[in-house]
2 protein chains.
Amino acid sequence: MMTKKQTLPLDQVLVGDCIELMNSLPEKSVDLIFADPPYNLQLGGDLLRPNNTKVDAVDDHWDQFDSFRHYDEFSRDWLNAARRILKDTGAIWVIGSYHNIYRVGTVMQDIGYWVLNDIVWRKTNPMPNFRGKRFCNAHETLLWCSKNAEQKAITFNYEAMKQLNEGLQMRSDWLLPICSGGERLKDDKGKKVHPTQKPEALLQRVLMATTRQGDVVLDPFFGTGTTGAAARRLGRHFIGLEREEDYAKAARERIAKVQMLDGDSLELTESKRSLPRIPFGAVIERGLLAPGEKIYDNRGNVAALVRADGSIAHKDAAGSIHQVGAQVQGAPACNGWTYWHYKCDGRLVSIDNLRSQLRKELGQVSA
Amino acid sequence: MMTKKQTLPLDQVLVGDCIELMNSLPEKSVDLIFADPPYNLQLGGDLLRPNNTKVDAVDDHWDQFDSFRHYDEFSRDWLNAARRILKDTGAIWVIGSYHNIYRVGTVMQDIGYWVLNDIVWRKTNPMPNFRGKRFCNAHETLLWCSKNAEQKAITFNYEAMKQLNEGLQMRSDWLLPICSGGERLKDDKGKKVHPTQKPEALLQRVLMATTRQGDVVLDPFFGTGTTGAAARRLGRHFIGLEREEDYAKAARERIAKVQMLDGDSLELTESKRSLPRIPFGAVIERGLLAPGEKIYDNRGNVAALVRADGSIAHKDAAGSIHQVGAQVQGAPACNGWTYWHYKCDGRLVSIDNLRSQLRKELGQVSA
DNA sequence: TTGCCGGCTGAATCTTACC
DNA sequence: CGGTAAGATTCAGCCGGCA
């Protein structure tokens, strides 16, 4: 893995066509791709534009495609190139609005990507609909996809997201302001450098949720480098691809100023799944429970006998704490650690406490 | 216009294939179409809740398709039939989830529909993600489209929508509960009649926004008739198409009981506003505090490290501002917002001030 | 009558480590 | 690689039972 990383142009902005540049990179080499492709706003010429007010509309030449067909071809090409360089354990995010996201989503599904969630970025401060002819277009959509449907190991920092949402699991609708104020890059004359600069908070949430420290994040439409800024701040590597030298230059200068957070503040709330596995037998071996003792369900109604080999017995049934727990309840499955309790000063205490205790002891020795 | 209306099967539920039924209706004869087509969910095995009960999944035969290609063909067929019967001044709504909405959106654009807005229905009470492997899938998407791009006269009751949103322009994200409680149709045994009954409030908003009194609203996937119930209540005509006689029967009985409104009592259906809940993580994401900073108790004796995921760490303890606050004090609970302070010009200031600040910025946008 | 508590449920593409 | 067993995992709202 290190050798692969060493051949990658880490923490750099490469100028050129993103498809050619991606094709020049080794296959299966990046952990995450974040893409903010052109939005195809000018479909069919000026008459058909969905919003023909003159509010600094997006009319740069890179945003022009003469038909849905061309846009679909373009999407298929860059999404295929992206898929090649993605690790088999990797994932991709694509952001868009109703002008392009339905095209993009269909192409992604067609070439084998598997949708994990679609996420709605709700803007606290969207541009109003000036004519009063439509609903205020107050959101954009992100697609989070794995490389294929069979893929199991996806990085998803569930507990960290739950923390961020004050103890409730994070939903698919995110409320964040648009990029403005000091964060928005301006040139000497105070004109914005890029028409669609994304807020860094959005990228931070994406990277916090679906990458780990040291991961490689590639952005094929780098623009002024919000992905790079967020990656650097969070201790991830980035690779930025951008066709326009002016944007690339602005991005490099911007990212150089970013203060990287230190390791402690990047520590994520850990999931139980990442903790070392403790067999119930270890609890017996260490003498936290003795063979011959009884363990009970949470009300003390059901009692099972603890045996020396770490199995337990209840009436005819014998086996692991999980198997017997399931059988006793007539349930298809059971987490024995939370189902069973032992008596301590007359009160029932979860055996999961014994596991925690053991983990603490082991941590000081091995880890 | 009256002659045309007289040939239409107004305020009826027709049983049969929706494409054939639509083809039997006169062209350019309906004002609005609302469609809730099959979502083409692709479920694996059973899903168990943490308490080992089984989730009652949508596994009905009508939701099964062999492939995306078959689903696309199906979509193209019914959307073309719908387009023929739509008046040139008419519009269409289609609702879906990430499983199908990207397919539907692409087909709609391909056959000439023009997207006016995409609308996000944010559920106040979605089903959680039981396994902790994804973001909670808390929304569905609606596409609002005109028959073609050139179409000028679209019914959009801008002022009514603005009223409904307390004087502010209605946004593209709508917060509404799912259909449950007394509104949910149940059979004798208390089993739900239809697996995916939509809330009437959603349909009311759609019809309030994009139809006038006396308009004809057609629903090709009528199910248990939420569109019909909302139409009748609001003084619009409906035409319901439904393949299953059982659903059609339930719909007829339901609609017959609906009281038609003559006044302006609709506002009652709109949810009340309460103070938006602000997770501590939002304070970090928005940059009001930076990861790596320290927060203190009111005397500055206890210091905790702020981490990027919105958790804080103090000695061995890590968790939410509330959890760590409680642990530090040896208390069973703690309001972290009032316990913790940050340093500002050498003085200690409550982090609750940051929450107030954020609430002010959010203003009328319900979090 | 009111309030509290436990149980049930909703369009869901929902596991992973070890042998 | 496949098979097997361990074991991690939920939020809001409605309803009924009971104090």
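Residue B:Asp63 is in base contact, counting any heavy-atom pair closer than 4.0 Å across all strands shown. Among the atoms of the strands shown, none is found under 4.0 Å from any heavy atom of A:Asn165. Within the nucleic acid shown, A:Ser320 comes within 4.0 Å of sugar-phosphate atoms alone, with no base atom in reach, counting heavy atoms only. Residue contacts shown for A:Ile321 are absent, as no nucleic acid heavy atom lies under 4.0 Å away. B:Glu183 comes within 4.0 angstrom of no nucleic acid atom, judged by non-hydrogen atoms across all strands. Contact annotation for A:Lys162: backbone-only contact, meaning every heavy-atom pair under 4.0 Å involves sugar-phosphate atoms and none involves a base. Nucleic acid contact for A:Ala333: base, since at least one base atom lies under 4.0 Å from a heavy atom of the residue. Looking at heavy-atom distances under 4.0 Å, A:Pro279 makes no contact with the nucleic acid at all. Residue contacts shown for B:Leu47 include a base, since a base heavy atom lies under 4.0 Å away. Nucleic acid contact class of B:Pro199 (heavy atoms, under 4.0 Å, all strands): none. If you check every strand for non-hydrogen atoms under 4.0 Å, A:Tyr158 touches sugar and phosphate atoms only. A:Gly325 comes within contact range of no nucleotide atom at all, as no heavy-atom separation falls under 4.0 Å. No contact: B:Gly96 has no heavy atom under 4.0 Å from any strand. Within 4.0 Å (heavy atoms only), B:Ser97 reaches no atom of the nucleic acid at all.
Below 30°, between 30° and 60°, or above 60°: for A:Trp93 and A:Trp174 the angle between ring planes is between 30° and 60°, a tilted geometry. Note: B:His194 and B:Tyr247 have tilted aromatic rings, judged against thresholds of 30 and 60 degrees for the angle between ring planes.
Across the P atoms, D:dA8 and C:dA12 are found 25 Å apart, a figure rounded to whole Å. On the C1' atoms, C:dG10 is 12 Å away from D:dT10, given to the nearest whole Å. Spacing of C1' atoms, C:dA11 relative to C:dG7, comes out at 23 Å, to the nearest Å. Taking atom P on both nucleotides, C:dT13 is separated from D:dT4 by 28 Å, rounded to a whole Å.
Neither side chain, A:His322 nor A:Ser320, offers a donor N or O lying under 3.5 Å from an acceptor on the other. Between the side chains of B:Tyr71 and B:Asn100, at least one donor N or O sits under 3.5 Å from an acceptor N or O. Inspection of the B:Ser172 and A:His139 side chains reveals an N or O donor paired with an N or O acceptor under 3.5 Å. For the residue pair A:Tyr102/B:Asp118, the side-chain donor-acceptor check at 3.5 Å is satisfied.
When distances are taken from the side chain of B:Ser180 to each of D:dC14, C:dA11, D:dT9, the shortest belongs to D:dC14. Set against C:dC14, D:dG13, D:dC11, the side chain of B:Arg134 has C:dC14 as its closest nucleotide.
Spacing between atom CE of A:Met161 and atom P of D:dT10 amounts to 15 Å, rounded to whole angstrom units. Summarising the geometry, the separation between CZ on B:Arg122 and C1' on C:dA11 is reported as 19 Å, rounded to the nearest angstrom. Distance CZ (A:Arg355) to P (D:dG7): 6 Å, rounded to an integer number of Å. Rounded to an integer number of Å, the gap from CZ of A:Arg273 to C1' of D:dG7 is 9 Å. In this structure, CH2 of A:Trp337 is placed 10 Å from C1' of D:dG7, rounded to the nearest angstrom. In this structure, B:Asp59 atom CG and C:dT13 atom C1' are separated by 14 Å, rounded to whole Å. Separating the CG atom of A:Leu143 from the P atom of C:dT13 is a distance of 14 Å, rounded to the nearest angstrom. Whole-Å rounding puts the A:Asp88 CG to D:dC1 C1' distance at 16 Å.
For D:dT9, neither phosphate oxygen OP1 nor OP2 lies less than 4.0 angstrom from any side-chain nitrogen or oxygen of B:Asn129. Close to D:dC11, at under 4.0 Å from its OP1 or OP2, lies no side-chain N or O of B:Asn125. Here A:Arg277 reaches the OP1 or OP2 of D:dG7: one of its side-chain N or O atoms lies under 4.0 Å away. Put simply, B:Lys133 has a side-chain N or O that comes within less than 4.0 Å of OP1 or OP2 on C:dT16. For the pair A:Gln323 and D:dA6, the criterion of a side-chain N or O lying under 4.0 Å from OP1 or OP2 is met. Contact check, B:Arg131 against C:dT15: a side-chain N or O comes under 4.0 Å of OP1 or OP2. When the side-chain nitrogen and oxygen atoms of A:His322 are compared with OP1 and OP2 of D:dA6, none of them lie within a distance under 4.0 Å.
Here the side chains of A:Trp144 and A:Ile154 are in contact, with some heavy-atom distance below 4.5 Å. Residues A:Tyr339 and A:Ile321 form no side-chain contact, since every pair of their non-hydrogen atoms from C-beta on lies 4.5 Å or further apart.
Base pairing analysis places C:dG6 opposite D:dC15; the two distances defining the Watson-Crick or G-U wobble pair are each below 3.5 Å. Under the Watson-Crick or G-U wobble criterion, with both distances below 3.5 Å, D:dA6 is paired with C:dT15.
Nearer to the 5' terminus of DNA chain D, by closest-nucleotide assignment, is the contact made by B:Met127 (compared with the other of B:Gly181 and B:Met127). Comparing B:Phe130 and A:Leu168 by the nucleotide of DNA chain D that holds the closest heavy atom to each, the one mapping nearer the 5' end is B:Phe130.
Base orientation of D:dT10: anti, since the glycosidic angle falls outside 90° of 0.
One can find a donor-acceptor pair under 3.5 Å joining the base of C:dG10 and the side-chain atoms of B:Arg49. For C:dA11, its base never sits under 3.5 Å from the side chain of B:Lys123 at any donor and acceptor pair.
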